[in-house]
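Sequence lines set the chain letters: A, B, ... in the order given, protein chains first and strands last, and positions in each chain run from 1.
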There are 2 protein chains.
Amino acid sequence: MKPIKISEAVVRRLPIYLRFLNELSLSNIQTVSSQELGEKLDLNPAQIRKDLAYFGEFGRKGVGYNVDYLIEKIRQILKLDKTMNVALVGTGNLGRALCNYNMYIKDNMKIVAVFDADTSKKGTLINRLTVQPMQELSDSVKRLDISVGIITVPAAEAQNVADQFVAAGIRGILNFAPVVLKATPGVRIHNADFTAELLSLAYYMDNINGSKEGDETQ
Amino acid sequence: MKPIKISEAVVRRLPIYLRFLNELSLSNIQTVSSQELGEKLDLNPAQIRKDLAYFGEFGRKGVGYNVDYLIEKIRQILKLDKTMNVALVGTGNLGRALCNYNMYIKDNMKIVAVFDADTSKKGTLINRLTVQPMQELSDSVKRLDISVGIITVPAAEAQNVADQFVAAGIRGILNFAPVVLKATPGVRIHNADFTAELLSLAYYMDNINGSKEGDETQ
DNA sequence: TAGATTGTTAATCGATTAACAATC
DNA sequence: TAGATTGTTAATCGATTAACAATC
């Protein structure tokens, strides 16, 4: 009832928790404290407790969190119980790799349709999916109940693809192209921007042990 | 001289600025204001001015920023003038895609060596690079002056690979595996974690227009 | 009971935004 | 000169951390 706004930072940490909890569960560990989670995930224990407390009282004082129960709860929060259908546009190296991946995405999402603007690729098979031309995108999205779009086209074409996704009624986009995309407010865009990660990595690398010498910029 | 600490958030925005400036430069646009940048990049103009001002006075009051000059400056800040050599471990779909990519990485980084723990892959060619066994990693890193490592192995093996990178003297790691890695303080780790992006995307997608109904968690 | 650990409030820290004098 | 826009300080906002009562 109380409409407490949950910050993005919090939501972004949930998958990190979930992953590690899954590891623990596989090792048959039944209980974990915020202290232990914090150590393993490089986070402050208080932050972890606070994050989880936004969604309910999942722990037991003096004991900690039940691993499997917490997994179940986080999966509910992230809506990983229901599967979502995904369309991917752009069958370059990265796009094809993602199609073949699929195991990772399987957690709750499944690529069910693949598109490419290059009509010469029409009909090509990628991991049992037939590459379709862009003209079929809107129809397929509706017919296959696709709610998420993945963009793996060159930067220059990404906004155009995003527009087509939005027009087709998609509600979430995972964008691998190195551009800032615009969409209507109802559509959520997440960026998987490893080129930016690589560029900013260089910034931190010249200083051997954290201190800089002779750098005019600082 | 004054050792002002520049926050991560600031450094992470620099590549975003750089990209858009490159677009402007290609369109022969010579000047841009923080206002225009803000509109295109969905950022507050004051934030952009503040970010840039950490590194120097790059703009002209009443005029704006000279596009090419700003590009040059940001490239200096991010150290994109010098090329860095990169090693990649894990020649699955994603690893191979990245090797074939390379154009994007070319900005300042070049994959010069590829490794895989699977010895049956030894000698395989990927985009003109020969897959090497892990035993050769340390030697190659030193011989080829490699300073960055890319990890595209399964989660379970990622920490082991990271440890080997660190032992070999690498100073920056781009990690694609869905785990939190530990490294010694001198080594910088950036995560390219699209599976986490995908998981958190689902969270935001059930609410058609931002308001939720009947959700017990909030 | 004593020890441990949560959930939560309060304190701190940091980042974003607003405002405006300086100046092109 | 008038209009525009920076660089920067101050105000605001939000997120992280510390602290501790509640309680298992």
Side-chain angles (χ1 to χ4, degrees), chain A residues 2-14 16-17 20-21 24 29-71 73-74 77 180 200 203 216-218, chain B residues 2-14 16-17 20-21 24 29-71 73-74 77 180 200 203 216-218:
Chain A
K2 39 171 183 157
I4 296 162
K5 173 82 179 331
I6 283 147
S7 89
E8 262 190 55
V10 173
V11 176
R12 281 173 188 284
R13 280 190 292 267
L14 295 179
I16 313 294
Y17 301 155
F20 183 65
L21 291 165
L24 291 180
I29 292 166
Q30 275 151 27
T31 303
V32 69
S33 68
S34 61
Q35 177 77 36
E36 296 168 279
L37 283 170
E39 272 163 31
K40 294 296 183 175
L41 302 176
D42 257 332
L43 294 171
N44 183 300
Q47 182 171 65
I48 295 176
R49 293 199 299 278
K50 204 161 192 286
D51 283 355
L52 297 173
Y54 282 116
F55 303 97
E57 304 202 358
F58 302 147
R60 267 179 77 197
K61 298 183 185 184
V63 180
Y65 298 91
N66 177 287
V67 171
D68 289 321
Y69 179 69
L70 192 52
I71 287 174
K73 282 298 176 185
I74 295 180
I77 296 163
V180 176
S200 59
Y203 174 84
E216 92 279 18
T217 61
Q218 37 178 343
Chain B
K2 38 168 187 162
I4 296 163
K5 173 83 179 330
I6 283 146
S7 90
E8 264 190 55
V10 173
V11 176
R12 281 173 188 285
R13 280 190 292 267
L14 295 180
I16 313 294
Y17 301 154
F20 183 65
L21 291 166
L24 292 180
I29 292 166
Q30 276 151 27
T31 303
V32 69
S33 69
S34 60
Q35 177 78 37
E36 295 167 280
L37 282 170
E39 272 163 30
K40 294 296 184 175
L41 302 176
D42 256 331
L43 294 170
N44 184 301
Q47 182 172 65
I48 295 176
R49 293 200 298 278
K50 203 161 192 285
D51 283 355
L52 297 174
Y54 282 116
F55 303 98
E57 304 202 357
F58 302 148
R60 268 180 77 197
K61 298 184 183 183
V63 180
Y65 298 91
N66 177 287
V67 171
D68 289 321
Y69 179 70
L70 192 51
I71 287 174
K73 283 298 175 185
I74 295 180
I77 295 163
V180 175
S200 59
Y203 174 84
E216 92 278 19
T217 61
Q218 37 179 340

Asks: Quick one: side-chain hydrogen bond (donor to acceptor under 3.5 Å, both in side chains) partners of A:Gln35, sequence neighbours excluded?
Replies: A:Glu39
Asks: According to side chain to side chain contact (heavy atoms under 4.5 Å, CB included), who are the partners of B:Glu36, at least two apart in sequence or on a separate chain?
Replies: B:Val32, B:Ser33
Asks: With A:Asn44, which residues qualify under side chain to side chain contact (heavy atoms under 4.5 Å, CB included), at least two apart?
Replies: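 With sequence neighbours excluded, A:Asn44 shows a side chain to side chain contact (heavy atoms under 4.5 Å, CB included) to A:Ala46, A:Gln47, given in chain and number order.
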Asks: What closest approach, in Å, do A:Ile77 and A:Phe58 show between heavy atoms, and which atom pair accounts for it?
Replies: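 Scanning both residues, the minimum pair turns out to be CD1-CE1, 4.0 Å.
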Asks: Round to a whole Å and report the spacing from CD of A:Gln47 to C1' of C:dT12.
Replies: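 Atom CD in A:Gln47 sits about 14 Å away from atom C1' in C:dT12.
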Asks: Whole angstrom is fine here: how far is it from CD in A:Glu8 over to P in C:dT16?
Replies: 12 Å
Asks: Whole angstroms only, please: what is the CD1-C1' distance between A:Ile48 and D:dA18?
Replies: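 Those two atoms, CD1 and C1', are 15 Å apart.
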Asks: Roughly how many Å is it from CG in B:Asn44 to C1' in D:dG14, rounded to a whole number?
Replies: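 Rounding to the nearest Å, CG of B:Asn44 and C1' of D:dG14 are 15 Å apart.
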Asks: Mind checking what makes salt bridge (Lys or Arg N to Asp or Glu O under 4.0 Å) contact with A:Asp42, not counting sequence neighbours?
Replies: B:Lys182
Asks: Walk along nucleotides 2-11 of chain C from 5' to 3' and tag each nucleotide B, S or - by protein heavy-atom contact under 4.0 Å, base first, then sugar-phosphate.
Replies: --BBBBBB--
Asks: B:Thr31: which residues meet the side chain to side chain contact (heavy atoms under 4.5 Å, CB included) condition with it, sequence neighbours left out?
Replies: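 Applying side chain to side chain contact (heavy atoms under 4.5 Å, CB included) to B:Thr31 gives B:Val63.
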Asks: Provide, to the nearest angstrom, the distance between the CG atom belonging to B:Leu41 and the P atom belonging to C:dT17.
Replies: 14 Å
Asks: Which pair of heavy atoms, one from A:Ser200 and one from B:Val11, lies closest together, and at what distance?
Replies: CB-CG1, 4.0 Å
Asks: Show me the pairs that pass salt bridge (Lys or Arg N to Asp or Glu O under 4.0 Å) and involve residues 43-61 of chain A, at least two apart or across chains.
Replies: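 Listed by first then second residue: A:Arg13-A:Asp51.
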Asks: Counting runs of three or more consecutive pairs, Watson-Crick or G-U wobble, with each distance below 3.5 Å, where are the stems of DNA chain C?
Replies: C:3-24 with D:3-24
